[in-house]
Visitor: 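Below is a structure I'd like to ask you about.
Keep in mind that this is a model prediction, so the values were computed, not measured. Just so we're on the same page: letters track the sequence lines, and every chain starts at 1.
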Amino acid sequence: MEFNRKHLLGLEGFTKKEITHILDTAESFKEVLSRPIPKVPTLRGKTIVNLFFEDSTRTRISFELAEKRLSADSVNFSASTSSVKKGETLRDTARNIEAMKIDLVVIRHGAAGAPHFLTRCVDAAIINAGDGAHEHPTQGLLDLMTLRDKFDNLKGLKVAIVGDIAHSRVARSNIYGLQAMGAEVALCGPATFMPYEAAHWGTEIFFDIDECIEWADVLNVLRIQLERQHKGLFPSIREYHALFGVTRKRLDQARKDITILHPGPINRGVEIESELADSECSLILNQVTNGVAVRMAVLYLLSGESEDGSAKGGES
Amino acid sequence: MKTIAQNAACQKVDKILFRNALVVDPEKGSQTKSDVVVEGGKFEEIGKIDATGFDGKVVEVNGKVLCPGLIDMHVHLRQPGREDEETVESGALAAMAGGFTAVCPMPNTDPATDTAEIVGFLKERAQDLLVDVYPIAAVTRGRAGEELTEMGSLVEAGAVAFSDDGDPVATAGILRRAMEYVRMFDVPIIEHCEDKTLSRGGAMNESAVSTRLGLPGIPGISEDVTVARDIEVAAFTGAKLHIAHISTANAVELVRQAKKRGIHVTCEVTPHHFTLNDEVVSSFDSNFKMHPPLRTQADVAAMLEGLKDGTIDVIATDHAPHSIEEKEVEFDAAPFGILGLETALGLVMKQLVHPGILTLPQAIAKMTSNPASILRLQRGVLRKGAAASVTIFDPDVAWTVDKSALKSKSKNTPFDGWNLTGRVVGLYSKGRWWPAETE
């Protein structure tokens, strides 16, 4: 199958067929990762820049590793948006990219739509590594891959996303990706963390974690940004944990197997009980491994290399 | 640089006959095939006129629309302070290209238009231009929401209204004092209705679209609660309140009810708020970012209803030039505001008149006699003996917006490439005849 997109800006609008193709490609790269020498020459000669305008360790390392495993040349650019006047850096950086003949740009930025802005400035393929509260498509894909590994078919699977939905790009990419794959999605968290008209997504909404657990096969537990407390969005960590913390006790009450995902990094004892994060129901480490494979697949599919080795034409 | 008045195309004519016009009288609500004679800056005759022996200039209007010169009661000319984005002169050129003969610049300049000196400076800058400039002065010093400006001196210097536009008047307390004080001069307070505690940090309308895009939202209630506050303070003080750039269905309903209660409240809507809804933000193009934000389609429908039933008195553009450097950035980081002067008439015709939402005289009234009456300007009417300024436009001509051809110093329009209907043909203003440049 041809993959006809020029950029990966978000999972909104992706079809089941497209996602399946990315995940299948990722599976074949996952096999590469298990080899004694986990490296292929697929992207030799391609230049990739990782533009990180927001602090990120996991996502950046995962992308860097994926690029190295594919033999691409990559350079890193990190700048904290707080240290420079917003907007200036991205625009200037875009001009530099154009001059340096870069093939792919991986961008993480605090502003929703920053990757879209970049597509209007440069010719390179753009991969969104997280833009504000908008999307984090490779995270969404790795979550889908992790669930597919375990459940095979995602159709009808009940996945609840728990936490600060309003400010979460992971939540949005999960909603779009899961719904495209036929899964049922629910959102759970305090009302102040629920975005306006969240129901328009066609998701279930729970304000009671026990009801949510009762409903769900999978909990995707989001990291709580502790600073939100000071913005008046929730009263305290203690109250959050008491009302929405995912604990062993709560899972035992439900008397069924629950699978747990978490995009990391974990606030142990806040959104999830420490012991539970390391337990048999947690797929957190599988997510990390799959992250590299998924990013390899995305880089490869957007690199302009077609599966028969010739350069891919056309735009989308 | 030559001033506009020195331009050869722009002749001083004491006596001028407009022949074969479709004369729109906004007060009577009529449109009649007729001729118009202007002499000594005043309307001399309106009716069938025998041109034989007429010793002035004759302009053949060819059935195009002739109406009082259009007034835009809400613009930002960026002078003083941001002359790189717009000046009184470049703003006047944009106004002319849009068919306006009068504009009212808002006081959120740098420094704020809060003294008689700055009002005088703006009036002076406009003296030789074809467009009349009626400054709106700040309600509070530096628009800081604390102390009243010298409103008496400001009115004397030429301020036609007061506003802290860009912000609402900060508190109900200072608004009350301002409204009590301003009653002595019988000029309105124009309010930018936004409760900052609800809107702070927001970049677009809070809706299903903001939820989808992950952009921080500005809820409609931010506007609604301030409109409600202002209406009650106006009712209490008896002052005249004009709501700037109304954008929510609730706010329109609040104004509708307030008018029924007999409170002195009027309001305006911008062309973009009756044309666009927040779905367009999906492109993350910052030319769709302004205050108030583009709302939902239900709100757009409420704007059309309000225009139709007369709740919305005025169409004003909120012309807000911004430099490319500032505007072409990530959506979150971009400043609020878009251009309006040069696309307003085309949008009014395309969106309101041609689809039959407003009649031609109704639409013209919202850009002439209504703003003139709110601001007590001696213009905007077609009465014999009244001061004459005239806009002539072709109501049916189709044209395409090309941002590189705009007269404004800035280019931040969301309507680049749009096909609009209706465009200025010529203006008569300040005793001069200016035929619009045709392409």
Side-chain angles (χ1 to χ4, degrees), chain A residues 9-13 53-54 81 84-95 107 109-121 128 130-136 164-173 175-176 187 193-203 205 231-233, chain B residues 196-224 248 277-289 293 295-299 322-336 403 411-412 414 416-417:
Chain A
L9 303 177
L11 293 186
E12 188 184 357
F53 291 90
E54 230 184 32
T81 18
V84 284
K85 198 180 147 206
K86 266 188 184 174
E88 226 163 50
T89 311
L90 183 54
R91 200 182 153 79
D92 290 344
T93 311
R95 289 202 185 105
I107 177 171
H109 200 286
H116 307 67
F117 173 76
L118 211 53
T119 62
R120 292 196 284 269
C121 307
N128 181 2
D131 63 327
H134 179 225
E135 283 225 44
H136 191 355
D164 184 356
I165 311 299
H167 301 92
S168 173
R169 50 192 170 219
V170 176
R172 284 173 180 73
S173 290
I175 291 167
Y176 301 132
L187 308 174
F193 281 175
M194 217 45 85
Y196 192 69
E197 291 186 7
H200 90 281
W201 276 316
T203 52
I205 292 173
K231 293 185 176 162
L233 286 168
Chain B
K196 302 257 174 180
T197 66
L198 287 163
S199 65
R200 191 164 289 125
M204 70 169 293
N205 185 40
E206 186 164 342
S207 66
V209 183
S210 67
T211 288
R212 209 177 77 222
L213 299 178
L215 280 170
I218 299 171
I221 52 164
S222 154
E223 179 168 331
D224 306 341
T248 70
N277 65 48
D278 59 1
E279 287 285 345
V280 295
V281 179
S282 301
S283 64
F284 292 102
D285 180 344
S286 68
N287 283 321
F288 294 116
K289 182 176 177 182
R295 305 287 188 185
T296 66
Q297 191 53 42
D299 293 306
H322 285 292
S323 69
I324 290 176
E325 289 72 24
E326 283 180 18
K327 197 70 178 174
E328 286 193 357
V329 294
E330 312 89 277
F331 200 86
D332 252 349
F336 293 92
K403 68 177 176 186
K411 305 296 166 204
N412 52 310
D416 187 38

Visitor: For a side chain to side chain contact (heavy atoms under 4.5 Å, CB included) check, start with the C-alpha distance between B:Arg212 and A:His200, then their side-chain angles and the critical distance, and finish with the verdict.
Guide: CA-CA 9 Å; B:Arg212 209 177 77 222; A:His200 90 281; 4.2 Å; yes
Visitor: With under 30° as parallel and over 60° as perpendicular, where do the rings of A:His134 and B:Phe284 fit, or are they tilted in between?
Guide: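 Taking B:Phe284 first and then A:His134, their aromatic rings stand perpendicular (interplane angle over 60°).
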Visitor: I need the minimum non-hydrogen distance between B:Gly214 and A:Ala112, along with the two atoms involved.
Guide: O-CB, 3.9 Å
Visitor: By a 4.5 Å heavy-atom criterion (distance strictly below it), what part of A:Glu135 contacts chain B: side chain, backbone, both, or neither?
Guide: neither
Visitor: Calculate, to the nearest 0.5 Å, the distance between atoms CD and CG belonging to B:Glu330 and A:Leu118 respectively.
Guide: 9.5 Å
Visitor: With no hydrogens and no angle check, is any side-chain donor or acceptor of B:Thr211 less than 3.5 Å from a backbone partner on A:Tyr196?
Guide: yes
Visitor: Could you grab the distance from atom CD of A:Glu197 to atom OG of B:Ser207, nearest 0.5 Å is fine?
Guide: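 The distance works out to 6.5 Å.
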Visitor: As an exercise, state the distance from CG of B:Asp332 to NE2 of A:His109, rounded to the nearest 0.5 Å.
Guide: 9.0 Å
Visitor: Check whether A:Arg120 gets within reach of chain B through its side chain, its backbone, both or neither, counting any heavy atom under 4.5 Å.
Guide: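 Side chain only.
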